[in-house]
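Please read these numbers as outputs of a predicted model, since none were measured by experiment.
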Amino acid sequence: MRKLRHEEIPRPGPDELKSLKRHPVVVVVDNVRSLYNVGSIFRTSDAALVDQLHLTGYTGTPENRGLHKTALGAQDTVPWSYERDPVLLLSRLKESGYTLAVLEITDTPMQPSTLEAAHFPLCLVIGNELTGVRDELLTISDLALEIPQYGAKQSLNVAVAYGIAIFDIVRRYRILFAR
């Protein structure tokens with residue numbers, strides 16, 4: 001076994017990336033304070049080939065150079081938009097046929113690995129580092145996805161939790177649709 005050099009790892013170039021079919025998952029990032037977390041979310045979204053990131057509330061956008069340190073260029077490869085009010089955005093997405101799923105600990109949890117074909121296209125909502133997803137977004141969502149916790153802590157860093165959840169979601173989509 002040997003570790004591959006950077007140039008040996010097959011990756012799509014910018015033109016090829018534009019022509020790839022993205023996974024039918026959009027992500028709403030609401031009120032995430034840390035630019036490092038937002039940059040990490042961009043980088044993970046690139047790796048998972050999500051359709052789009054929607055930044056809402058006071059979440060930082062790629063115009064802020066502090067985000068670039070952890071995004072490592074993914075701010076240029078992931079389609080994104082900014083909208084201050086996530087309620088209006090989620091309403092539009094729901095009207096367009098998206099299932100709205102929050103990544104949150106609730107009384108009706110569901111693991112991403114149990115998603116069904118009817119749940120796609122999917123909108124995943126992630127929230128603030130300390131307070132999680134806002135209650136007003138919970139009330140308009142269709143389901144809550146949760147990552148099992150086996151230790152003493154009840155939650156993970158938002159960017160880490162997102163990474164686990166989005167890859168479970170993409171894996172499930174690829175199984176369901178044999179992609």
Could you work out, with salt bridge (Lys or Arg N to Asp or Glu O under 4.0 Å) as the rule, every residue matching Asp46, not counting sequence neighbours?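 Expected list: none.
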
Can you sort out the partners of Arg84 under salt bridge (Lys or Arg N to Asp or Glu O under 4.0 Å), two or more places apart, ordered by chain and number?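 Testing Arg84 for salt bridge (Lys or Arg N to Asp or Glu O under 4.0 Å), a comparison that skips the adjacent residues, returns none.
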
Residue pair [X] / [Y], side-chain heavy-atom distance below 4.5 Å:
X	Y	answer
Leu55	Trp80	yes
Leu17	Leu49	yes
Val25	Asp51	no

Could you pull out the closest heavy-atom pair between [X] and [Y], with the gap in Å?
X	Y	value
Asn31	Gly57	OD1-CA, 3.1 Å
Pro24	Phe120	O-CD2, 4.1 Å
Pro86	Val28	CB-CG1, 4.5 Å
Ala161	Ile147	O-CD1, 3.3 Å
Arg33	Glu129	N-OE1, 2.9 Å
Asp168	Pro112	CB-CB, 3.5 Å

Counterpart residues, side-chain contact (heavy atoms from CB on, under 4.5 Å), relative to [X] (two or more places apart):
X	value
Arg65	His68
Ser40	Thr44, Ala159
Arg11	Ile9
Ser113	Gln111

First locate atom [atom1] of [X], then atom [atom2] of [Y], and finally report the distance between them rounded to the nearest 0.5 Å.
X	Y	atom1	atom2	answer
Leu176	Arg172	CG	CZ	4.0 Å
Gln52	His54	CD	NE2	4.0 Å
Arg171	Leu115	CZ	CG	12.0 Å
Cys123	Leu89	SG	CG	6.5 Å
Thr77	Phe42	OG1	CZ	9.0 Å
Asp85	Leu90	CG	CG	9.0 Å

ILVMFWY network linking [X] to [Y], side-chain heavy atoms under 4.5 angstrom:
X	Y	result
Tyr82	Leu88	no
Ile140	Val27	no
Ile41	Val26	no
Leu124	Leu138	no
Leu122	Val102	no

Within a radius of less than 6.0 Å around CZ of Arg43, do more than 12 heavy atoms belonging to other residues, nucleotides or ligands occur?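 Atom CZ in Arg43 is not packed in, count stays at 12 or less.
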
Provide the full list of side-chain hydrogen bond (donor to acceptor under 3.5 Å, both in side chains) pairs with a residue in residues 145-167, sequence neighbours left out, each pair given once.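 Listed once each, the pairs are Asn37-Asn157, Ser45-Tyr162.
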
Listed by chain and number, what are the side-chain hydrogen bond (donor to acceptor under 3.5 Å, both in side chains) partners of [X], not counting sequence neighbours?
X	result
Glu83	Arg92
His119	none
Lys94	Asp142
Ser96	none

N/O donor-acceptor pair under 3.5 Å between [X] side chain and [Y] backbone:
X	Y	result
Thr106	Thr108	yes
Ser91	Val87	yes
Thr59	Val32	yes
Glu95	Leu93	no
Arg22	Val50	yes

Worked check of side chain to side chain contact (heavy atoms under 4.5 Å, CB included) between Ile169 and Leu145: CA-CA 10 Å; Ile169 291 165; Leu145 299 178; 3.8 Å; yes

After noting the C-alpha distance and the side-chain angles of Leu103 and Val125, does the key distance pass the side chain to side chain contact (heavy atoms under 4.5 Å, CB included) rule? CA-CA 6 Å; Leu103 183 59; Val125 181; over 6 Å; no

Show the numbers, then the answer: is there a salt bridge (charged side-chain N to carboxylate O under 4.0 Å, His left out) between Glu8 and Arg2? CA-CA 12 Å; Glu8 293 178 294; Arg2 115 183 133 71; 2.7 Å; yes

What pairs of donor and acceptor atoms, side-chain ones from residues 130-137 against any protein atom, are under 3.5 angstrom apart with sequence neighbours left out?
residue	atom	partner	partner atom	Å
Thr131	OG1	Asn128	OD1	3.3
Arg134	NE	Asp30	OD2	2.7
Arg134	NH2	Asp30	OD1	2.8
Arg134	NH2	Asp30	OD2	3.3

